[in-house]
Amino acid sequence: WYATVLGLSLVAFALVIYYTAATSLRERQDESLRSTAQTVASAYVEELGEMQSLTKAGEVVLAEITFPNRYVQIIDTNGQPIATSKNFTGSIIIPSRIINQTREHNVGFVTISDQRVVIVPVSTDPKLGFAAVSEPVAVIEDALGQLRRDSFALVPLVLLLASLGGYFLARQSLAPIASMNDQTQRI
């Protein structure tokens with residue numbers, strides 16, 4: 001009974017830790033991507049003031065700002081790419097519902113093709129478009145995979161050690177009673 005209750009408790013604890021960590025990691029990723037998108041949007045607006053060209057400002061900003069494992073796009077109001085960071089060979093097509101959500105809430109989140117994407121308006125002027133920053137979902141999934149592997153290894157090990165320790169302690173504490181029982185049997 002002791003081992004069963006302890007095993008169930010450990011599994012429940014590991015599940016709570018896993019889901020809490022997953023939620024926290026995803027929230028941190030979204031917040032970090034949002035912050036990066038706002039930085040790009042701010043730099044884009046500054047360059048646009050100097051260049052007076054949406055395309056040229058996008059190219060200059062994305063040439064100056066690079067992020068490892070993060071891909072940046074400046075998109076127009078219809079979701080079509082104006083400029084894309086050089087470390088990303090393709091383009092991410094943002095669904096129109098996410099663009100509408102971004103117009104309403106000043107931020108939009110979506111997962112497209114194993115990329116977590118955050119979209120923010122470039123400025124209060126709706127004609128300037130949006131900054132979209134993406135990062136592979138694998139960044140979070142790798143960390144969660146490691147946590148799963150650690151849990152699968154540690155829960156049985158802790159259960160085994162606790163069971164052996166419990167058996168040893170129970171045997172030591174019941175040894176005097178076993179001795180009295182033996183003496184009673186002899187008498």
How long is the gap from CD1 on I74 to CD on Q80, to the nearest 0.5 Å? 14.5 Å
Give, for atom CZ of R103 and atom CD1 of I119, the distance between the pair rounded to the nearest 0.5 Å. 11.5 Å
Do L147 and L10 share a hydrophobic cluster, counting only Ile, Leu, Val, Met, Phe, Trp and Tyr and linking them when any side-chain heavy atoms are less than 4.5 Å apart? yes
Below 4.0 angstrom, N of the basic side chain to O of the carboxylate: do E135 and R70 qualify? yes
Are I112 and P95 side-chain neighbours, meaning at least one heavy-atom pair lies under 4.5 Å? yes
Side chains of R97 and N100: any donor to acceptor distance under 3.5 Å? no
Hey, are D142 and Q146 close enough side-chain-wise for a donor-acceptor pair under 3.5 Å? no
Using the rule that two of Ile, Leu, Val, Met, Phe, Trp, Tyr join whenever any of their side-chain heavy atoms come within less than 4.5 Å, decide whether V45 and V118 are in one cluster. yes
Exceeds 12 heavy-atom contacts within 6.0 angstrom, atom CG of D114: no
Keeping the roles fixed (side chain from T102, backbone from I98), state whether a donor-acceptor pair exists under 3.5 Å. yes
Rounded distance [0.5 Å steps], OG1 in T23 versus OH in Y18: 10.0 Å
Taking C-beta and beyond as the side chain, do Y71 and P136 meet within less than 4.5 Å on heavy atoms? yes
For S134 and V117, indicate whether the former's side chain and the latter's backbone hold a donor-acceptor pair under 3.5 Å. no
In Å and rounded to the nearest 0.5 Å, what is the CG to CG distance from L169 to L164? 11.0 Å
Can you tell which of I99, I82, V120 makes a side-chain contact (heavy atoms from CB on, under 4.5 Å) with F130? I99
Rounded to the nearest 0.5 angstrom, the OG-CD distance for S35 and E31 is 6.5 Å
Are V122 and F109 co-members of a hydrophobic cluster defined by side-chain heavy atoms under 4.5 Å apart? yes
If you take all heavy atoms of A131 and A37, which pair is closest and at what distance? CB-O, 3.7 Å
For S32, does its backbone N or O pair with a side-chain atom of T36 as donor and acceptor, under 3.5 Å? yes
To the nearest 0.5 Å, how far apart are OG1 in T184 and CD1 in I177? 11.0 Å
For V155 versus A14, what's the shortest heavy-atom pair and its separation? CG2-CB, 4.0 Å
Are the side chains of Q73 and S85 in touch, meaning some heavy atoms are under 4.5 Å apart? no
Candidate pair L25 and L144, rule side chain to side chain contact (heavy atoms under 4.5 Å, CB included), full reasoning: CA-CA 9 Å; L25 287 171; L144 292 176; 3.9 Å; yes
Scan I17, L15, V16 and name whichever one has a side-chain contact (heavy atoms from CB on, under 4.5 Å) with Y19. L15
Smallest separation among heavy atoms of P156 and S151, with atom names: CD-O, 4.0 Å
